[in-house]
Each structure stands twice: as structure tokens, then as C-alpha cells.
Amino acid sequence: MTLKTILLGACSALAFSGLASAETLTIATVNNGDMIRMQGLTSEFTAKNPDIQVEWVTLEENVLRERVTTDIATSGGQYDIMTIGNYEVPIWAKQGWLLPLEKLGDNYDVDDMLPSIRGGLTVDSKLYAAPFYGESAMIMYRKDLFEKAGLKMPENPTWEFIGDAARKITDRNADINGMCLRGKAGWGENMAFITALTNSFGGRWFDENWKPQFDQPEWKNALQFYVDLMKDAGPSGASSNGFNENLTLFQQGKCGMWIDATVAASFVSNPKDSKVADKVGYALFPTQGEMKNHGNWLWSWNLAIPKSSQKAEAAEKFIAWATSKEYTQLVASKEGWANVPPGTRTSLYKNADYEKAAGFAAPTLAAMNAADITKPTVKPVPYTGGQFVAIPEFQSLGTTVGQLFSAVVAGQSSVDDALASAQSTATREMTRSGYIK
């Protein structure tokens, strides 16, 4: 055997040994634009941490929720990092299903997190997830279509104005829908919007004694408004449209208005992807009458470590990287400041470069500041949450109700029948779960 052969064999063995010793993190995430961008930048992390490899499981929002919920509830151990919302974090932390994040590093600056976002991820003074991006909801609208119709967006628009404006700017011949809204069934899809809408109409899921309220006039008024608006000014197939579908429609110039997550602003205003990037305006989530309740949508997509993971140290190292101020700088250097993950850090909204590049920065912050998930409705309630109800049963119940309401948009049911079914379904579930005695 030659010396060259011996050396080559030794090098190969060393290379194999190094590869074999690397830990592989399996990360479950949602197929939203910011998460896709994070995957594209993962090589920046692995280059600095060659002992850690990353495998991504990227799923549609409803499917992601089903998979990670099943895995964590059964201690399946399929994922080392899960992308979950501020709905799941406090519930799962109290169940003992998540590991606290206590080694994010000296330079991580936990105190820089927006208080409302950090508060939703903290249980017993411990942080159980780190926010990748945060959002509220707001109106995104075509300024050119408003000008053409002789309309001016108010500083605090009402639903009456929005409904009237949506119908006026609808142009079926030009394939322009006056309003795009979520219709796809799911507690985090159509029910996120419909719950926020009903909050602004003065409605609530439950009264102080946990009795369902779908038989009350506020729900009837809100759902009828939504269904009529989708019929008069919405796109065809609206019952199948979620966040991503409506984003595509807006970017293609087929929506005059879209009311959804503030995080969408960077995508609708990006000229690389949006045909109407230079025509977009922003406004607060509408109110109804004199109630001045903006719906109280407040959400964050967060990275958390399930207790079942055997690679917690490596997982926390990745989370610290992906949710750090340094990651924000990395995205800015690659994609521009307008495309950095929003809504998590106070420092971002004090950054002159971001403010200059992102015309939606101030409206986004105003929308988040307008939300108060501790008081989500006009009337008193025994729960917290904005576009969701922060109880474990809501995940299943919200999706069931979402299916009932999606069927109305599809023309398969009536508003009255859907509300009656929602009332009976919710009453049965809350009785079975012991909320109603």
C-alpha cells in the first residue's frame, strides 16, 4: 500500500467521522414567505456550525398544526424544532410539552422583544419559544383604484365604509375583486379573520359562564356582512382561499383590498413579486359603529423545542441564530430592509434604515399596538386571545366552526343554519369538557 493511499484513506475516514458526528435537526415549519427565506439562508448557520445539519419539513398551515400537535401530544419525537403560534406556546408549556429557552446567548437581548409578543410566549417567568415574526391585521388596498373611484381611505375606517368601497372598486370585466378575505376552513385560517371581525362587531365566542354566543345578534350581523361581501366583491372560489392564495391574488393585481396579517406588507410591496408594489396603501383593521374595537388580532410564529427532542442544545443554538438581531441584519444585506422579519423587536422600529425602506413599518406597529388580547371583545369574557380563544379545545372547535362557515361562502349552507350548528356544536363541546356545568 502506498503512502498516498494511506493518506487518502485516513482523510476519508476523518471526513466520514466528522459527518457521522454531526447532529441533524429536523425542523417543522409553515410555507410562508419568511420561513422559506429562512430555509434559503440556513447555509449561513451550518457554515458556522459544521457539527449541526438541518432538515426542513415545510407544510401548509393547517397541515403543520395537525402534524406538530399530534407529535407533541404523543411525545413522538419526530421534530427537534417546531414552528408554532402564540396560541399553542402557553398551553403546551403548562402541559410540560416544551423546553424553556434558557441558553440563547449573552448577545441575544431578550429584553429587546416587543412586550406584547414576549408576554405571550412566557410562562412562570420562563420563555418557551422565540418569535420569528409577529403580526397584527390591517387593510392593504390599491391606492390607484381608490383614486379612480373617488374614494379616500379614512384614518380609522368603519366596516360600512369598507363594504361600500369594496363594491365600488370591484370590476369583474377587468378581473378585479374589491375584497379578498380568508375563506379556507381552519381555526387559524378563516376563523382567524372571522373571529377578529366578530370581535370588532361586539361579538364574543363565550359569555362569562362559557356559554357559546353564536345565537346572539352580533354573530349574525358579522357573519352576514362577511358572506355578503364575499358574494358581492370577493373572488370566485373564495371558500378555498387562505393567506397564501389571497397573497397571490393581490400580487397579481386581482384584489382591490385585502384584510389580513401585517406580515404580508413586505410581499405585496416587493416589486420582484408584486405587479402592484408601488400602488399599495395601508390602514387599520376596521371598526363597527362606535365600538372602536379593531379586532385585536395579535399573532407570532415562533420556534420552540419539544420536550421529546434529544438535540435540545443544538436546537436552541439554531433558534438563537434564526431569531436574533444578527439574522435581521443578514436578511437586510441579502434581500433589503423591507424584507426582514417584522413585529418582534423594539429596535427594528427605531431603525432608520428599516423605516425608510419599509413604508408599512409605522402602520404595522400601529396595528400591533391597537391589539389587546387580554381584552379581545367589547363585552366581558373569561378568556384571552385576539383572533383565537386561548383554551386547548379551541383548536378542534375552531376548525369545526370554520368548516361550517366556509360552507356558507361556498353556497352550501345558510348563515342561520351555520350559526345554529356552531351553537349546538360549541355547547356540546364545552359541556363535555366541563366548562358548562
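- Residue T344 comes nearest to G134 through the heavy atom pair CG2-N, 3.5 Å, listed as atom of the first residue, atom of the second, then distance.
- Counting heavy atoms from C-beta outward, D260 and W297 have side chains that approach closer than 4.5 Å.
- Of the possible polar contacts, none joining the T198 side chain to the G203 backbone as a donor-acceptor pair under 3.5 Å is found.
- In this structure, the side chains of W210 and Y383 come closer than 4.5 Å at one or more pairs of heavy atoms.
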In sequence, state the C-alpha distance, the side-chain angles, and the governing distance for D215 and L419, and then conclude on side-chain contact (heavy atoms from CB on, under 4.5 Å).
CA-CA 7 Å; D215 57 356; L419 288 172; over 6 Å; no

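- Residues V276 and Q251 fail the side-chain proximity criterion, which asks for heavy atoms closer than 4.5 Å.
- Each side chain to side chain donor-acceptor pair (under 3.5 Å) pair with one or both residues in residues 111-121, not counting sequence neighbours, appears once here: D111-R118, D112-R345, D112-S347.
- For T46 (side chain) and S43 (main-chain N/O), a donor-acceptor pair under 3.5 Å exists by modelled atom type.
- Expressed to the nearest 0.5 Å, how far CG of L284 lies from NZ of K292 amounts to 11.0 Å.
- Checked by atom type, the side-chain pair Q78/T26 shows no donor-acceptor distance below 3.5 Å.
- The line from CZ of F285 to NE2 of H294 is 10.0 Å long, rounded to the nearest 0.5 Å.
- For T427 (side chain) and Q423 (main-chain N/O), a donor-acceptor pair under 3.5 Å exists by modelled atom type.
- Taking 4.5 Å as the limit, every side-chain heavy atom of N246 sits out of range of all side-chain heavy atoms of M140.
- Using a 4.5 Å cut-off on side-chain heavy atoms (C-beta onward), K184 and E60 make contact.
- Between S433 and E429, the side chains place a donor N or O and an acceptor N or O closer than 3.5 Å (distance only, hydrogens not considered).
- Taking the charged nitrogens against the carboxylate oxygens, K220 and D416 do have a contact shorter than 4.0 Å, which makes a salt bridge.
- Using a 4.5 Å heavy-atom threshold, the side chains of L121 and N86 count as touching.
- Judged by distance alone, with hydrogens and angles left aside, the side-chain atoms of S406 form a donor-acceptor pair with the main-chain N or O of S239 at under 3.5 Å.
- Pairing each heavy atom of L104 with each of A320, the nearest pair is O-CB, 3.4 Å.
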With side-chain contact (heavy atoms from CB on, under 4.5 Å) as the criterion, how do M82 and L303 come out once you've worked through the C-alpha distance, each side chain's angles and the decisive distance to 0.1 Å?
CA-CA 6 Å; M82 294 177 169; L303 302 180; over 6 Å; no

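- By the 4.5 Å heavy-atom criterion applied to side chains, M230 and L181 are counted as neighbours.
- More than 12 heavy atoms of other residues, nucleotides or ligands shown are found within 6.0 angstrom of NZ on K325.
- Across all non-hydrogen atoms, the minimal contact from L114 to M368 is CD1-CE, 4.1 Å.
- Atom NZ of residue K143 and atom NZ of residue K279 lie 10.0 Å apart, to the nearest 0.5 angstrom.
- In this structure, E61 CD and L64 CG are separated by 8.0 Å, a value rounded to the nearest 0.5 Å.
- Here the side chain of S266 pairs no donor or acceptor atom with the backbone of N339 at under 3.5 angstrom.
- Under 4.0 Å is where a charged nitrogen must lie from a carboxylate oxygen, and between E218 and K379 at least one such pair does.
- In this structure a side-chain-to-backbone donor-acceptor pair under 3.5 Å is missing from N296 to G386.
- Looking at D417 and S414, their side chains do bring a donor and an acceptor atom within 3.5 Å of each other.
- At a threshold of 4.0 Å, the pair R142-D144 counts as salt-bridged, since one of the basic side-chain nitrogens sits closer than that to a carboxylate oxygen.
- Rounded to the nearest 0.5 angstrom, S236 OG and R172 CZ are separated by 8.0 Å.
- Aromatic pair W299/W301: centroids less than 6.0 angstrom apart.
- Applying the 6.0 Å contact sphere to CZ of R67 captures no more than 12 heavy atoms from other residues, nucleotides or ligands.
- W258 and F250 have tilted rings, their planes meeting at an angle from 30° to 60° on a 0 to 90° scale.
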One pair to check against side-chain contact (heavy atoms from CB on, under 4.5 Å): T248 and N244. What are the steps and the verdict?
CA-CA 6 Å; T248 298; N244 285 327; 5.6 Å; no

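- Side-chain contact check for Y435 and E393: at least one donor-acceptor pair (N or O, by modelled atom type) lies under 3.5 Å.
- Annotation: the span from W219 atom CH2 to Q224 atom CD amounts to 14.0 Å, rounded to 0.5 Å.
- For F318, the ring pair (Phe, Tyr, Trp, His ring centres under 6.0 Å) partners two or more places apart in sequence, or in a different chain, are F45, W56, W321.
- A donor-acceptor pair is defined here as one N or O able to donate and one able to accept, closer than 3.5 Å; such a pair exists between the side chain of N293 and the backbone of N199.
- T69 places no side-chain N or O within donor-acceptor distance of the main-chain N or O of E66, the cut-off being under 3.5 Å.
- Under the disulfide bond (SG atoms under 2.5 Å apart) criterion, no residue pair touches residues 340-410, with sequence neighbours excluded.
- Side-chain contact between Y133 and N32: present, with at least one pair of heavy atoms (C-beta onward) separated by less than 4.5 Å.
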Run L197 and Y226 through side-chain contact (heavy atoms from CB on, under 4.5 Å) and show every step you take.
CA-CA 8 Å; L197 168 71; Y226 164 74; 3.7 Å; yes

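- Across every non-hydrogen atom of A166 and M179, the tightest pair is CB-CB, 4.0 Å.
- Aromatic ring centroids of Y87 and F388 lie under 6.0 Å apart.
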Applying side-chain hydrogen bond (donor to acceptor under 3.5 Å, both in side chains) to E135 and S300, what does each step give before you reach the verdict?
CA-CA 6 Å; E135 64 185 35; S300 58; over 6 Å; no

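- Here the shortest heavy-atom pairing between L98 and A93 reads CD1-N, 4.1 Å.
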List the atom pairs, donor and acceptor, that lie under 3.5 Å between side-chain atoms in residues 186-195 and the rest of the protein, sequence neighbours left out.
from: E189; atom 1: OE1; to: F243; atom 2: N; distance (Å): 3.4
from: N190; atom 1: OD1; to: G186; atom 2: N; distance (Å): 3.0
from: N190; atom 1: ND2; to: G402; atom 2: O; distance (Å): 2.9
from: T195; atom 1: OG1; to: M191; atom 2: O; distance (Å): 2.7
from: T195; atom 1: OG1; to: W205; atom 2: NE1; distance (Å): 3.2

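- The shortest non-hydrogen separation linking G253 to I176 is O-CG1, 3.9 Å.
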Residues 148-164, side-chain donor-acceptor partners within the protein, below 3.5 Å, at least two apart:
from: T158; atom 1: OG1; to: F161; atom 2: N; distance (Å): 3.2
from: W159; atom 1: NE1; to: S200; atom 2: OG; distance (Å): 2.9
from: D164; atom 1: OD2; to: K168; atom 2: NZ; distance (Å): 3.2

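- In this structure a side-chain-to-backbone donor-acceptor pair under 3.5 Å is missing from N177 to C180.
- Listed by first and then second residue, the side chain to side chain donor-acceptor pair (under 3.5 Å) pairs involving residues 350-371 amount to none (not counting sequence neighbours).
- No donor-acceptor pair under 3.5 Å is formed between the side chain of Q387 and the backbone N or O of A196.
- Within a 6.0 Å radius of CG in D278, other residues, nucleotides and ligands contribute more than 12 heavy atoms.
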